[in-house]
Amino acid sequence: MPSGETDHQAISRRAAAISESATLALDRRVKELRAAGSDVISFAAGEPDFATPLVVVEAAARACRDPRWHHYTPAAGLPELRQAVASHTGRRDGLELVPEQVLITNGTKQAVAHAFTLLLDPGDEVLVPSPYWVSFPEAIALAGGRAVPVPTSEATGFRVTPEDLDRHLTPRTKALLFVSPSNPTGSVYRREQMLAVGRWAVDHGLWVVCDEIYDHFTYDGAEFNSLPAVVPELQSRALLLNGVAKAYSMTGWRVGWLVGPRATVEAAANLQSHVCGNISNISQVAALAALEEGASAAAEMRTAFARRRSAMLEYMDRVPGFECPAPEGAFYLFPSVRGALGRMIGGQIVETSAQLAAVLLEQARIAVVPGEAFNAPGYVRFSYALADQDLAEGMARLLRLLG
Ligand code: GLU
């Protein structure tokens, strides 16, 4: 009988080296606290609070009742959904895409894992602009590669430049990770900045892996652009990662996709056929309904995020020691909290952003993700994908503790 204890010597070094996702760990903790009766307010996981649009739910309910969807389907995804993703992405980018360029995955996270497995041989390096989302280095390590952080700063709005990239290029560099709008910083690249970065990748013969999951979320006139649409020479070396989770409030349905050159997607489909077979047909039918009929619901949710962003920025201005530039995308604020450190907060001296996050959870019952999770100590990530009244109450608690 298994003892229930994990003997770390018994599992592979590769698996033992992986730690739990900090964002999901915090989300788990929030849910445990709530189950135990605490009224904790969470600015932690980037998860829209809305119910999935009814039109999507109804399509899924119909699919459940139809035996046609009760059995295996092609590993690469339902042909209708692959077609819809190709049309949707092609329309967005002004490109002609075919369904064979699309692989449907179990959430965008699986597209992330596939992308690095497809590209990396042992020891290959991926340039990862930092701060970065928690799962990227782990997905790269699991694929046998090495994540090479490329530091960015507030001075460039956390956007990487060719000069920054030059400093970290080696003969082993295989790919560049490109995330705009960014998690955790919310920054959005301008077109001319993308041209510079994209041409740099072309000049060095690199692949680009583009996380586009926040493509619906830009504000203040900022525009989303896809890197291979801006730099067409990248089209044969770009993998685009996206899904329905954020735009249509469908985090639990687990439908993402990877878009890329046909031969690469075919290799990805081979991989997937052994890893998980097809993604749940019910969820795929739901994702199809989201793409075909969910636009107005997505637009309403986006309007709510814009409103919450403005409210959050006003609150942030009033928090002593926080410096919060206005990010143009995603649904995160990423204030520097360095001015609040070294002070007595809630009866203890708080020296780091990790300690600050712990104190906020213990004493104010608000959950935030410390910058340490994103390789950015001194910062804290606030997701504003929560209900307006929770947002107001959470920020009031923050101001009471720090004000
Ligand atoms: N991507 C979201 C976040 O960063 C959801 C949690 C996760 O998958 O990491 O909070």
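We count ligands from 1, going down the list as the structure has it; atoms in each ligand are counted the same way. The figures that follow rest on heavy atoms only: side chains count, while hydrogens, waters and symmetry mates do not.
Annotation: cation-pi geometry not satisfied between Arg318 and Tyr315 (NZ/CZ under 6.0 angstrom from ring centroid, within 45° of ring axis).
For Glu323, the CD atom counts as loosely surrounded, since its 6.0 Å shell holds 12 or fewer non-hydrogen atoms of other residues, nucleotides or ligands.
The side chain to side chain donor-acceptor pair (under 3.5 Å) test applied to Arg28 returns Glu20, Glu32, not counting sequence neighbours.
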Give me the pairs of N or O atoms, one from ligand 1 and one from the protein, that sit under 3.5 Å apart.
residue, atom, partner, partner atom, Å
ligand 1, 1 (N), Lys246, NZ, 3.3
ligand 1, 4 (O), Trp133, NE1, 3.1
ligand 1, 4 (O), Asn183, ND2, 3.0
ligand 1, 4 (O), Arg381, NH1, 2.9
ligand 1, 8 (O), Lys109, NZ, 2.8
ligand 1, 9 (O), Thr23, OG1, 2.5
ligand 1, 9 (O), Trp133, NE1, 3.0
ligand 1, 10 (O), Gly46, N, 2.7
ligand 1, 10 (O), Arg381, NH2, 2.7

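A side-chain donor-acceptor contact under 3.5 Å links Glu372 and Ser353.
Ion pairing between Asp203 and Arg199 fails under the 4.0 Å rule for side-chain N and carboxylate O.
Between Ala111 and Leu258, the shortest heavy-atom contact is O-CD1, 3.7 Å.
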